[in-house]
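Okay, so here's the structure we're looking at.
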Amino acid sequence: MHSPPPRPAGPREWAGLAVLALPTVLLGLDVTVLLLVLPSLAADLEPSGPQALWIVDAYGLLIAGFLITMGTLGDRIGRRRLLMIGAAAFGGASVAAAYSTSAEMLIVTRAALGVAGATLMPSTLALISTMFARARQRALAIGVWATMFALGMAAGPLVGGVLLKHFWWGSVFLVAVPIVGLVLVAAPVLLPEYRARQAGRIDPVSVALSLAALLSMVYAVKDIAAHGARPATLLALATGIVLAVVFVGRQRRLPDPLLDMTLFASRAFSVALGVLLVGLVGVGGVMYLVTQHLQLVEELSPLVAGAWMGPPALMMLAAAIGAPLLARRVRPGYVVAGSLALSSVGYLLIGQISGAGSIPGVVTGFGLVYLGLGALAALGTDLVVGAAPPDRAGSASAMSETAQELGVAVGIATLGSLATAVYRDRIAEDIPERLAPGLSEALGDTLAAAVAVERHLPSGVLQQAKESYTTGMNAASMLAGVAILALAALSAVTLRHIGSIGGDAGQDSAPVSEADTEPARRTPP
């Protein structure tokens with residue numbers, strides 16, 4: 001006897017999708033909005049170079065660290081309940097961040113935002129899987145979900161620019177308050193509750209191991225790029241690697257692991273996840289450098305810099321909408337590979353920028369980078385989930401989100417630190433011998449610090465600092481471009497067997513059960 005087809009989603013489910021889009025846009029917005037306001041923030045709080053990087057990437061780093069944990073917690077206490085708890089916590093942490101009085105306080109509040117954000121991402125995607133049982137409707141809903149995150153990332157610089165024109169830097173965090181309010185009011189009315197009957201228990205040791213390994217390794221990468229391979233840094237790197245090995249071994253032994261390591265036995269799954277991770281590393285790092293370039297080198301106001309980010313945002317949205325449509329006729333692996341190849345051209349173009357007066361070239365190159373991001377945001381989750389067995393699609397979804405958030409954080413850490421190291425090496429040759437110690441230290445730290453003391457610097461010194469910053473951005477962009485081009489080739493070869501999205505257009509999924517509510521695997525032709 002055949003099971004009856006699943007009930008199609010109705011007006012309430014589509015209205016519920018609009019509710020889920022709100023925290024999704026907010027999370028994307030919070031990834032990028034701070035990049036534009038960092039110079040204004042730096043002038044007020046005066047963070048050091050490493051503190052400035054931690055202010056930016058603490059958010060994405062802790063989201064990535066807690067995503068899988070929060071996904072398991074949502075299965076236990078209810079996904080809608082976790083969504084509402086996380087939304088309320090996100091609103092409170094946003095208010096605290098807005099009124100931070102020191103760099104250390106802002107780093108802590110950004111970390112709190114990351115933990116709260118980790119409750120939102122798996123809850124939204126899991127609830128979409130529950131609400132949209134039919135395969136075609138579910139694919140469309142997940143596409144909207146991914147596009148909304150990309151929209152939030154694209155809108156971040158423009159929103160930041162508008163707010164900074166009229167308010168202080170902390171106002172960018174207060175955008176979350178009305179959005180959180182709408183979610184808390186509408187969620188109980190439009191979203192269903194879901195609890196898995198046989199949810200795995202949360203292993204605190206695994207949570208601690210994953211966070212300790214992640215933080216140790218990222219810290220080591222940042223410090224090596226900034227200061228070289230010092231003994232303490234190498235010790236941190238070795239500690240992170242050892243903890244990661246212990247974590248993997250523990251997951252293999254646990255009956256309910258925090259991370260299902262058997263998923264990596266699938267080559268398609270591993271490569272698709274790697275595409276997301278490495279692709280977002282390049283985007284995160286260059287996005288950080290470009291926003292700083294527009295304000296510190298080109299001397300644009302935050303509002304004007306945000307407006308210049310508009311054309312790249314439109315290219316990203318076009319790719320986010322067009323990539324799934326193209327993937328109905330062309331295999332998704334080829335769509336991703338083509339998008340990444342175009343993206344690599346953008347990185348290489350930014351790598352040729354010579355300094356001030358290069359706004360069209362910077363914007364064109366970054367537009368191509370964002371085009372690749374749009375395709376990854378729309379197809380990445382589907383590729384990872386489609387490569388996993390149906391009964392493990394929930395774990396695969398959480399891991400795809402982890403890869404994206406971690407990619408942005410690691411990109412800012414690694415490429416930002418590389419650019420800073422090049423800047424310091426170049427500017428060290430140009431610091432005047434009789435410059436006051438405080439000015440010499442500021443000039444040798446970051447370009448933002450040099451701009452802050454501009455009026456005390458001898459004529460021509462700040463221009464040398466800008467040229468040194470541009471050289472650092474060139475080096476980081478060229479490295480990213482080469483890596484993304486290699487990733488495009490790998491995607492074309494390794495993901496070519498995954499069938500087009502239209503291959504099962506006429507099929508609906510099996511009825512959704514409480515134990516399996518994630519997207520079904522796409523069947524290769």
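We use all heavy atoms of the structure for the numbers below, so side chains are in, but hydrogens, waters and symmetry mates are not.
At a threshold of 4.5 Å between non-hydrogen side-chain atoms, the residues Gln352 and Ser477 do not count as touching. Inter-residue side-chain proximity for Leu163 and Val175 is flagged as met; some heavy-atom pair is nearer than 4.5 Å. Counting only heavy atoms from C-beta outward, the side chains of Leu273 and Leu277 never approach each other to under 4.5 Å. Between Val422 and Ser468 there is no side-chain heavy-atom pair separated by less than 4.5 Å.
Heavy-atom minimum distance, Leu211 versus Leu62: CD2-CD2, 4.3 Å. Considering all non-hydrogen atoms of both residues, Ala341 and Ser344 come closest at O-OG, 2.6 Å. Between Ser100 and Thr109, the closest heavy-atom pair is OG-OG1, 3.6 Å. A pairwise comparison of heavy atoms in Leu487 and Gly274 identifies CD1-O, 4.4 Å as the closest pair. Contact detail for Gly481 and Tyr347: the closest heavy-atom pair is CA-CB, 3.4 Å. Across every non-hydrogen atom of Leu447 and Val297, the tightest pair is CD2-CG2, 3.8 Å.
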Go through it in stages, so that I can follow the logic: the residues are Leu45 and Trp169, the test is side chain to side chain contact (heavy atoms under 4.5 Å, CB included), and I'd like the CA-CA distance, side-chain angles, deciding distance and then a yes or no. CA-CA 11 Å; Leu45 301 183; Trp169 60 264; 3.9 Å; yes
Before giving the answer on side chain to side chain contact (heavy atoms under 4.5 Å, CB included), spell out for Val172 and Val159 the whole-Å C-alpha distance, their side-chain angles and the decisive distance to 0.1 Å.
CA-CA 8 Å; Val172 301; Val159 170; 6.0 Å; no
Worked verdict on Val493 versus Arg496 for side chain to side chain contact (heavy atoms under 4.5 Å, CB included): CA-CA 6 Å; Val493 173; Arg496 67 183 185 276; 3.4 Å; yes
**Asked** Checking side chain to side chain contact (heavy atoms under 4.5 Å, CB included) for the pair Leu368/Ser343: CA distance, chi angles, key distance, verdict?
**Response** CA-CA 5 Å; Leu368 292 173; Ser343 225; 5.8 Å; no
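When atom types are taken as modelled, the side chain of Thr291 and the backbone of Tyr288 share a donor-acceptor pair closer than 3.5 angstrom. The backbone N or O of Leu289 lies less than 3.5 Å from a partner atom in the side chain of Tyr469, making a donor-acceptor pair. Looking only at distances, no side-chain donor or acceptor of Asn474 sits under 3.5 Å from a matching main-chain atom of Ser354.
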Under 3.5 Å, side-chain donor or acceptor atoms of residues 112-125 against the rest of the protein: list the pairs with distances, not counting sequence neighbours.
unit_1, atom_1, unit_2, atom_2, d
Thr119, OG1, Ala116, O, 2.6
Ser123, OG, Thr119, O, 2.7
Thr124, OG1, Leu120, O, 3.2
Thr124, OG1, Met121, O, 2.8
Thr124, OG1, Trp145, NE1, 3.0

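Note: Phe366 and Tyr370 have tilted aromatic rings, judged against thresholds of 30 and 60 degrees for the angle between ring planes.
Listed by chain and residue number, Phe269 satisfy the ring pair (Phe, Tyr, Trp, His ring centres under 6.0 Å) test with Phe264 (two or more places apart in sequence, or in another chain).
The only option from Leu373, Leu376, Ile484 that meets the side chain to side chain contact (heavy atoms under 4.5 Å, CB included) definition with Val283 turns out to be Leu373. Looking at Leu300, Val362, Val290 one by one, the single match for side chain to side chain contact (heavy atoms under 4.5 Å, CB included) with Trp308 turns out to be Leu300.
Considering CD1 of Ile179 and CG of Leu26, their distance stands at 4.5 Å, rounded to 0.5 Å. Going from atom CG of Leu106 over to atom CD1 of Ile55 covers 4.5 Å, rounded to the nearest 0.5 Å. The CE atom of Met148 lies 12.0 Å from the CG atom of Leu20; values are rounded to the nearest 0.5 Å. Here the straight-line distance linking atom NE2 of His293 with atom CD1 of Ile350 works out to 9.5 Å at 0.5 Å rounding. Note that CG of Leu340 and CG of Leu371 are 10.0 Å apart. Values are rounded to the nearest 0.5 Å. Atom CH2 in Trp168 sits 4.5 Å away from atom CG in Leu174 (nearest 0.5 Å).
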